[in-house]
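These notes are about the structure you will find just below.
Remember, predicted model here, so these are calculated numbers, not experimental data. Each chain gets a letter, A, B and so on, in the order the sequences are listed, and its residues count up from 1.
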Amino acid sequence: MPDNRRVSTSKVATMRDAIADLVRDGNTVAIEGFTHLISFAAGHEIIRQRKRDLTLARLTPDLIYDQMVAGGVARKLIFSWLGNPGVGGLNAIRRRVEAGPVAASGEPALELEEYSHFGMVGRYMAGATNLPFFPLRSYFETDLPRANPLIREIESPYGDGTVYAVPPLKPDVTIIHAQRASAAGDTQVWGLLGCQKEAAFAADRLIVVVEEVVDESIIRADPNRTIIPGLIVDAVVVEPFGAHPSYVQGSYDRDNRFYLDWDPISRDEAATQAWLDEWVYGLAGRAEYVEKLGVERVASLRPGPAPSGVVDYGDYR
Amino acid sequence: MPDNRRVSTSKVATMRDAIADLVRDGNTVAIEGFTHLISFAAGHEIIRQRKRDLTLARLTPDLIYDQMVAGGVARKLIFSWLGNPGVGGLNAIRRRVEAGPVAASGEPALELEEYSHFGMVGRYMAGATNLPFFPLRSYFETDLPRANPLIREIESPYGDGTVYAVPPLKPDVTIIHAQRASAAGDTQVWGLLGCQKEAAFAADRLIVVVEEVVDESIIRADPNRTIIPGLIVDAVVVEPFGAHPSYVQGSYDRDNRFYLDWDPISRDEAATQAWLDEWVYGLAGRAEYVEKLGVERVASLRPGPAPSGVVDYGDYR
Amino acid sequence: MATPRATAFSQSEMMIVAAARELAGQRVCFVGVGLPNIAVNLAKRTVAPDLELVYEAGVFGARPARLPLSIGDPTIVTGATAVTSMFELFAFYLQGGLIDVGFLGAAQVDRFGNINTTVIGDYDAPTTRLPGSGGACEIAINARQVFIIMRQSARSFVEKIDFRTSPGNLGGADNAARIRREQGWLGRGPSVVVTDLGIWHFGDDGEMRLDSLHPGATLEQVRETIGWEPRIADDLAVTPAPTDEELRLIRVELDPGGAYTK
Amino acid sequence: MATPRATAFSQSEMMIVAAARELAGQRVCFVGVGLPNIAVNLAKRTVAPDLELVYEAGVFGARPARLPLSIGDPTIVTGATAVTSMFELFAFYLQGGLIDVGFLGAAQVDRFGNINTTVIGDYDAPTTRLPGSGGACEIAINARQVFIIMRQSARSFVEKIDFRTSPGNLGGADNAARIRREQGWLGRGPSVVVTDLGIWHFGDDGEMRLDSLHPGATLEQVRETIGWEPRIADDLAVTPAPTDEELRLIRVELDPGGAYTK
């Protein structure tokens with residue numbers, strides 16, 4: 001049998017167009033990636049375009065959601081762990097939470113809906129697989145189901161007791177960062193996988209941001225490496241270094257200095273807004289951000305090589 | 001930080017020892033692998049050691065369970081699709097099913113417990129993850145829940161209707177075939193993945209049969225390729241060509257001729273037993289089987305090369 | 001100018017061509033091996049170039065270098081876009097609602113497209129033990145629509161199936177639509193049955209109706225190979241014969257050995 | 001022959017060494033970053049060479065080339081045995097019962113080892129918003145046993161925690177054991193609390209009991225930094241000071257920058 005080429009239109013778009021077209025005020029948006037592959041570039045573009053009233057879902061809101069909350073895009077968080085990993089709290093978010101019903105700034109308090117890590121993963125899983133709930137052995141004898149009445153008990157139909165359930169989470173838009181994709185959106189990731197696949201399949205619309213677009217033949221040479229098919233991708237955005245200050249396995253390291261720097265900046269509302277002016281509103285996009293970061297800092301984050309080795313799929317004809 | 005070497009005892013064993021030590025009469029045994037990586041070598045050793053009263057679980061019983069049933073090792077099947085794929089029925093099994101309560105041979109009829117593919121996968125998933133059930137949107141308006149009362153309805157705790165549930169399946173022993181593993185049992189697979197991971201984690205004991213044992217450094221060079229950690233492996237059996245007449249991606253092709261040949265053999269009880277005498281009881285193990293198959297037939301099943309390419313994990317220090 | 005004489009073709013070839021043409025405009029198809037595989041690949045080369053193929057075994061975007069011999073042939077893996085575990089295939093792709101068309105065959109079908117692939121006779125003491133569901137029951141429920149391909153015979157097109165493995169239009173369209181809605185199915189059920197004799201679509205009442213008779217087939221043959229009084233469209237068409245290009249694709253590219261199309 | 005003078009050490013170093021020693025005989029450990037990470041790696045080099053490390057981020061068999069700066073540092077991936085999705089990590093490894101020991105820290109703990117990492121004050125209008133559960137609540141329920149590492153203070157060792165994020169021995173051992181059995185938990189709850197002042201184990205009634213006081217710490221300090229009248233073992237021991245080899249491993253290999261151990 002000869003070539004069976006798929007006719008696929010390229011989905012490559014600019015970050016500006018992808019965010020403008022696919023993220024709408026009031027949407028539920030999930031920028032996923034557990035410590036690895038966090039699309040700061042997409043988060044910044046959402047701030048820059050002054051989207052409003054978003055519900056932001058993410059296991060670990062991290063610095064990117066702290067910045068987005070500071071930028072005024074969010075009305076609610078759905079999460080499982082709220083912190084600056086290894087450093088401390090998320091100060092912009094805490095200001096919007098601890099102030100009580102109305103924050104000092106006059107903004108309404110941020111609404112919180114919280115789970116555990118596995119609860120959030122289960123929510124994406126139920127969303128991705130069209131299940132009305134996902135069962136799990138968490139939450140027994142804790143105050144979490146009282147704080148969040150969407151965490152409910154469910155009885156086993158086999159008469160062996162009760163477990164807990166979480167409801168499906170289907171983001172309007174999921175955004176993930178990856179090492180590479182084809183122009184059609186077939187996406188490959190290595191290193192930590194987090195819950196990107198579940199969040200991607202759960203979403204109504206999906207933006208994949210990549211370090212590089214590669215020829216389809218590179219994807220097809222290793223199909224087990226593909227975590228997301230182009231079928232569910234709405235836009236492929238090429239944004240090298242788009243995950244900084246988080247990292248991309250094999251491409252660059254986490255910029256820990258920025259995680260430390262953000263703590264004092266974010267403790268002060270004026271300093272926070274000045275940072276947003278300088279690094280988000282004041283820049284056209286990620287290319288300018290990388291330029292502003294400087295070649296030296298970028299170079300300092302590059303790892304040495306650690307090749308995976310090759311496996312053979314076999315040519316069967 | 002310097003080397004952090006794990007002290008791990010080798011789990012490498014002969015097939016004879018692994019089956020003798022780990023498979024016990026009356027056990028529930030799952031030899032998994034969807035069309036790909038079916039451990040015929042382990043099935044034959046179970047026949048050769050004349051294990052008895054096994055419950056055999058597998059999505060697609062395939063030729064290997066037809067042979068095992070013919071060899072008298074099984075009292076029950078748990079399955080979702082009973083056939084010789086692309087050829088026809090499984091005749092030894094059908095003789096033990098269609099004969100009614102007592103087969104002509106005097107053997108009791110084979111007990112059947114049947115699901116759909118996703119139902120079987122869900123059963124392994126529940127077993128692997130210690131859930132009392134797994135929910136799925138199958139079985140609506142079918143006769144399957146009536147035929148198998150273990151398929152039960154479950155109501156969503158969110159008031160949006162009812163789905164079906166299947167109970168956990170926890171095999172006493174799961175056996176899988178893989179391209180490679182370290183001596184400690186860290187196992188890598190590419191090509192079709194079937195439900196080997198779920199069946200492996202669900203099992204009390206796990207035998208991994210591989211084409212080759214490789215140095216731990218090869219596994220560690222590509223950790224995303226690992227589907228099973230040595231932690232849950234009880235024995236690593238090195239048995240090249242052990243999946244024949246099924247196939248191993250990149251190593252050999254499915255031997256379709258044998259799938260065709262099995263149909264007339266298995267239609268006749270005497271021919272079936274003669275085949276078992278010649279190819280199972282009459283041989284000491286897989287090495288003799290491969291020798292008997294002949295170098296020409298083995299060579300005819302080798303594919304050309306189709307390399308995966310290399311990815312870079314990055315050296316972070 | 002002489003009219004070109006049509007090339008001779010087999011009933012299997014006509015079935016494949018008719019099924020392929022029904023795929024016009026479809027996007028994502030769940031592929032089984034055998035006739036559906038050839039039909040889908042023919043459609044991709046003719047009426048549906050954008051068709052995406054999902055194989056039950058866990059392969060998306062297959063580009064087989066030869067005609068796959070089984071649903072899990074290694075040739076569908078090498079060069080594919082993605083390989084997933086069966087859990088992910090059934091959970092994310094099928095139950096998740098990404099499949100537009102699923103193909104089913106059957107040992108028995110009734111007028112409403114309900115399907116039996118489990119047993120002939122009593123479940124506990126069957127005359128014939130069939131393969132069972134495999135993925136069929138979940139395809140019938142979760143694929144947006146279902147195409148049925150099977151040869152007609154009095155044994156297979158029956159008034160009452162012995163076991164309902166995969167639901168079709170249940171007892172009729174109104175009832176089926178209500179039940180699907182209440183139970184939250186993504187599938188709308190069977191939309192076409194392609195046989196060796198003709199093409200059946202499902203009417204508003206959920207019963208199959210012969211809309212097109214294949215060239216050479218007769219209504220007498222149709223009635224002889226069906227266990228109920230079949231509904232025949234008032235404007236019964238004749239299926240256009242396979243074109244030379246369709247036959248060339250089948251014979252030269254898709255099934256050069258004639259394994260499925262003799 | 002002169003007795004060798006003990007090398008000076010910090011309270012953090014003592015905590016790490018004490019926690020590492022508690023890991024003797026353990027097999028599979030769920031690792032968080034910071035103090036637990038150093039303790040686990042120290043144990044692997046001393047009392048528990050066979051210890052297997054599972055990182056919450058989805059890594060099994062990590063072999064980090066440097067001290068990981070976060071729970072998802074790329075250095076824990078390169079050279080690891082296996083990387084899995086978070087679903088698989090939590091479902092197959094943790095909920096599946098493969099984890100022998102999980103480490104938890106806390107903002108508040110009570111005498112029964114129940115833990116709060118969610119809020120100080122009222123949930124709806126908190127004085128201090130803490131990180132929340134993360135994976136802690138499922139670790140507490142599904143890890144076979146839980147080790148707690150935290151510094152003592154009157155704010156953190158409290159009579160009544162403001163929010164129960166992760167269950168410990170609930171209201172006492174009898175009650176906890178019955179509830180765990182009825183609900184099918186795999187976990188047996190907390191077994192040890194290692195602080196900057198001493199080592200607490202849980203008695204038969206499920207309440208923590210000070211079994212060992214670190215060198216230099218006093219019972220007065222213990223009472224000042226705890227919100228209830230603490231139970232003290234009759235045969236209260238003094239924790240053996242860190243050995244030179246333990247200190248060398250921490251200072252030279254595990255935390256050469258002193259980030260966690262100053």
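- Using a 4.5 Å cut-off on side-chain heavy atoms (C-beta onward), C:Phe92 and A:Lys197 make contact.
- A distance-only check finds a donor-acceptor pair linking the side chain of A:Thr226 to the backbone of C:Thr81 [under 3.5 Å].
- C:Gln95 approaches A:Asn130 most closely through the heavy-atom pair O-CB, 3.1 Å.
- A:Arg317 places no side-chain N or O within donor-acceptor distance of the main-chain N or O of C:Pro64, the cut-off being under 3.5 Å.
- Of the atoms belonging to C:Leu94, not a single heavy atom falls under 4.5 Å from chain A.
- In this structure, C:Phe60 and A:Pro223 have side chains that are not in contact, with every pair of non-hydrogen atoms separated by 4.5 Å or more.
- Heavy-atom contacts from other residues, nucleotides or ligands closer than 6.0 Å to CG of C:Asp174 number 12 or fewer.
- Of the possible donor and acceptor atoms, none in the side chain of C:Thr78 sits under 3.5 Å from a partner among the backbone N and O of A:Asp315.
- At a 4.5 Å heavy-atom cutoff, the contact between A:Ile232 and chain C is made by side-chain atoms alone.
- Neither the backbone nor the side chain of C:Val59 comes within contact range of chain A; no heavy atom of the residue lies under 4.5 Å from a heavy atom of that chain.
- There is no contact between A:Ala221 and chain C, counting heavy-atom distances below 4.5 Å.
- Without hydrogens or angle criteria, C:Thr75 side chain to A:Tyr316 main chain gives a donor-acceptor distance under 3.5 Å.
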